[in-house]
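Structure first, commentary second.
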Amino acid sequence: MSNKDHFSLSGRTQLSIEFAPAVSVPEYLAGEVQSKLAYVDERIISAHVGSERITLEVLAPLDRSKLSSSDQAELEEKVQRVILSMAKGAIKLKVNVLEDHLDRQTLYHQDPMPDLLARGEINQEDTGIYTLGPLLTRLIDFFEAHFTELAEVFEATPYRFPTLIPARYMERVNYFRAFPHSLSFVTHLREDLDVIDQFSQHAACDEHGLNTPPNSFSKIQALLSPAVCYHLYFALADKPLPSGRVVATAVGNCFRYEAINLTSLERMWNFTMREVIFVGAKDFVLENRELARQHMTRVFEKIGLAYRVESANDPFFIGEFRKQAAFQSAFQLKFEIRTSLPFKDDTLAVGSYNYHQDFFGRNLNITLPDGSPAHTGCVAFGLERIAYAFLAQYGLKPENWPAYVREKIS
Ligand code: AMP
Ligand code: ZN
């Protein structure tokens with residue numbers, strides 16, 4: 001392990017630590033492991049996972065320029081735990097490509113973020129929290145028109161869902177076990193005059209956040225919703241499904257705390273998702289998921305988006321990752337729409353086609369007319385991401401956009 005001094009960041013020294021992983025990390029897992037290192041230790045400010053080398057940038061304690069050897073050993077031990085859990089004996093999951101339009105000719109090769117910030121088109125309020133200006137708003141409305149058109153093809157019922165989601169429901173669908181790292185909790189002051197008085201006098205922000213008197217907050221009953229479709233399943237819970245099938249659509253604020261991975265519009269803490277949701281028998285859900293994909297193929301062709309649809313897995317937390325990802329892959333439960341980001345020669349998921357089998361039907365007791373648990377599936381689009389990916393492919397000047405898009409947004 002090496003521990004090299006770097007430079008000072010807000011009075012604290014930033015160090016680079018390197019060591020070999022306990023088992024080598026195969027290339028196909030490197031990104032997945034790297035994204036999990038964001039949650040290993042609060043001192044980590046960036047991480048890079050190579051097959052034979054882990055590099056961490058960490059902050060030294062306030063009063064020192066180095067980490068003590070026991071602190072370093074503790075940090076390394078936690079990282080190795082993640083690596084062993086995710087990489088030891090890992091088997092490469094087969095990637096099934098359903099369509100590939102990544103070679104579609106796009107014009108732009110720069111990161112749109114600096115320009116968007118410089119123009120005041122986006123304003124970063126805090127980590128992962130952005131205000132969007134007129135260009136992005138109009139682009140998102142343009143994409144939204146296509147998503148609501150998709151919903152109309154299926155005669156989906158429109159819904160509006162709350163931003164808060166009750167903890168007791170999240171527990172019922174195993175969310176705390178599968179994705180604890182990305183949860184965002186909601187609380188309020190305890191209903192107690194002394195607590196509220198104390199808070200009003202002493203609450204004060206510093207650069208790390210809000211300082212409050214101890215025991216100010218009530219027990220957590222609600223979280224910020226990480227997805228849209230859960231609300232529909234909760235509304236259908238513990239009853240037979242009316243007429244054996246439901247197709248619904250809704251757009252909503254979603255929240256996933258992604259720590260140091262919260263960079264640019266690519267990965268936000270607070271983002272917006274449009275979903276079209278299918279509930280019913282297995283074949284009904286699977287057929288509609290496929291019809292939705294075929295419909296969107298035609299839409300993306302008109303828009304000129306360069307993308308690929310391929311099998312994927314959800315970002316399960318460390319201990320759950322291997323088993324759950326293998327399960328999703330084996331049963332082809334998730335496909336992502338991955339758009340190219342030409343400036344970094346990479347792809348970004350702007351949407352997904354999901355089939356949950358009877359997971360929600362079983363856990364939430366949603367039954368079909370024959371008494372068996374309902375199957376569910378959803379098509380989900382990240383609105384900020386799709387607008388961002390479009391700008392990464394075509395730039396900020398409407399005159400360089402495909403004619404179809406230009407004509408619709410004037
Ligand atoms: P998922 O349910 O994980 O398939 O998410 C559906 C879509 O939401 C993704 O394809 C993204 O477009 C979008 N999305 C998910 N997480 C984020 C995030 N942290 N920031 C912005 N968009 C996101
Ligand atoms: Zn969904």
Side-chain angles (χ1 to χ4, degrees), residues 32 35 38-39 113 122 124 127-130 132 136 140 143-144 147 150-151 156 159 161 165 170 173 175 178-179 181-184 224-236 246-279 285 288-289 292-293 296 300 305 307-317 324-325 328 333-339 341 347-357 359-360 364 375-390 392:
E32 205 80 58
S35 71
Y39 304 98
M113 277 303 276
I122 55 178
Q124 183 172 357
T127 309
I129 309 175
Y130 292 89
L132 309 185
L136 281 160
I140 285 178
F143 281 106
E144 262 287 71
F147 301 145
L150 170 76
Y159 278 83
F161 295 133
I165 198 157
M170 296 298 273
V173 297
Y175 207 92
F179 308 104
H181 52 300
S182 59
L183 293 169
S184 305
L224 295 171
S225 257
V228 170
C229 59
Y230 286 59
H231 293 282
L232 179 74
Y233 310 143
F234 298 160
L236 300 173
V246 171
V247 182
T249 188
V251 63
N253 265 298
C254 294
F255 301 82
R256 295 183 188 173
Y257 183 70
E258 308 211 16
I260 54 172
N261 304 322
L262 290 166
T263 50
S264 87
L265 295 189
E266 272 182 56
R267 210 165 284 286
M268 304 163 79
W269 188 3
N270 179 174
F271 60 98
T272 326
M273 214 191 275
R274 159 68 64 179
E275 293 204 36
V276 182
I277 310 153
F278 305 103
V279 186
V285 173
N288 282 331
R289 177 177 77 157
R293 184 184 69 77
M296 291 315 294
F300 292 142
L305 207 65
Y307 72 99
R308 175 151 93 173
V309 175
E310 62 183 31
S311 56
N313 55 263
D314 284 310
F316 297 102
F317 200 54
Q324 300 263 36
Q328 276 189 321
L333 301 186
K334 186 175 192 79
F335 291 93
E336 280 182 337
I337 304 158
R338 300 199 66 91
T339 48
L341 294 182
T347 60
L348 176 69
V350 298
S352 59
Y353 303 109
N354 304 288
Y355 171 48
H356 316 115
Q357 299 172 310
F359 176 82
F360 291 104
L364 295 169
H375 289 237
T376 62
C378 68
V379 178
F381 302 100
L383 301 188
E384 295 84 358
R385 271 201 193 174
I386 199 160
Y388 171 79
F390 177 83

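Every number for a ligand or one of its atoms is a count from 1 in the order of the listing. Worth knowing before you read on, the calculation uses all heavy atoms, side chains too, and leaves out hydrogens, waters and symmetry mates.
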### Query
Does Met273 approach ligand 1 within less than 4.0 angstrom via side chain, backbone, both or neither, non-hydrogen atoms only?
side chain
#### Entry: Side-chain (Glu275) to main-chain (Cys229) donor-acceptor, under 3.5 angstrom
yes
#### Entry: Contacting atoms of ligand 1, where contact means under 4.0 angstrom from a heavy atom of Ala349
10 (O), 11 (C), 12 (O)
### Task
Below 4.0 angstrom from a heavy atom of Ser352, which ligand 1 atoms are there? Numbered from 1 as shown, please.
1 (P), 4 (O), 6 (C)
### Query
Counting distance only, does the side-chain N/O of His181 pair as donor-acceptor with the main-chain N or O of Pro315 below 3.5 Å?
yes
#### Entry: Subset of ligand 1 atoms that lie under 4.0 Å from at least one heavy atom of Met268
18 (C), 19 (N), 20 (N), 21 (C)
### Message
Ring centroids only, cut at 6.0 angstrom: are Phe179 and Phe316 within range, meaning strictly under it?
### Response
yes
### Message
Measuring centre to centre across the rings, with the benzene-like ring taken for any Trp, is Phe278 within less than 6.0 Å of Tyr355?
### Response
no
### Query
What do you reckon, does Arg256 have a nitrogen or oxygen under 3.5 Å from a nitrogen or oxygen of ligand 1?
yes
### Task
List the atom of Met268, the atom of Tyr130, and the distance in Å for their closest heavy-atom pair.
CE-CD1, 3.8 Å
### Query
Is the closest heavy atom of Glu258 to ligand 1 under 4.0 Å?
yes
### Query
Contact between Ala227 and ligand 1, counting heavy atoms under 4.0 Å?
no
### Task
Specify the protein heavy atom at minimum distance from atom 7 (C) of ligand 1: its residue, its atom name, and the distance to 0.1 Å.
Gly382 N, 3.9 Å
### Message
Could you tell me, atom by atom, which parts of ligand 1 come under 4.0 Å of a heavy atom of Gly351?
### Response
10 (O), 12 (O)
## Note on the structure
One finds that the ligand 1 atoms under 4.0 Å from a non-hydrogen atom of Arg267 are 19 (N), 20 (N)
### Query
Are the side chain of Asn261 and the backbone of Ser35 linked by a donor-acceptor contact shorter than 3.5 Å?
yes
## Note on the structure
CD of Glu384 to CZ of Phe143, rounded to nearest 0.5 Å, is 12.5 Å
### Query
Should Thr339 and Phe300 count as side-chain neighbours, where that means a heavy-atom distance under 4.5 Å?
no
### Message
Is any side-chain heavy atom of Leu265 closer than 4.5 Å to one of Leu136?
### Response
yes
### Query
Hey, is Glu336 one of the residues with a heavy atom under 4.0 angstrom from ligand 1?
no
### Task
Name whichever N, O or S atom of Glu275 ends up nearest to the Zn ion (ligand 2).
OE1
### Query
Does an N or O anywhere in Val350 fall below 3.5 Å from an N or O of ligand 1?
yes
### Query
Please state which protein non-hydrogen atom is closest to atom 16 (N) of ligand 1 and give its distance, to 0.1 Å?
Phe271 CZ, 3.4 Å
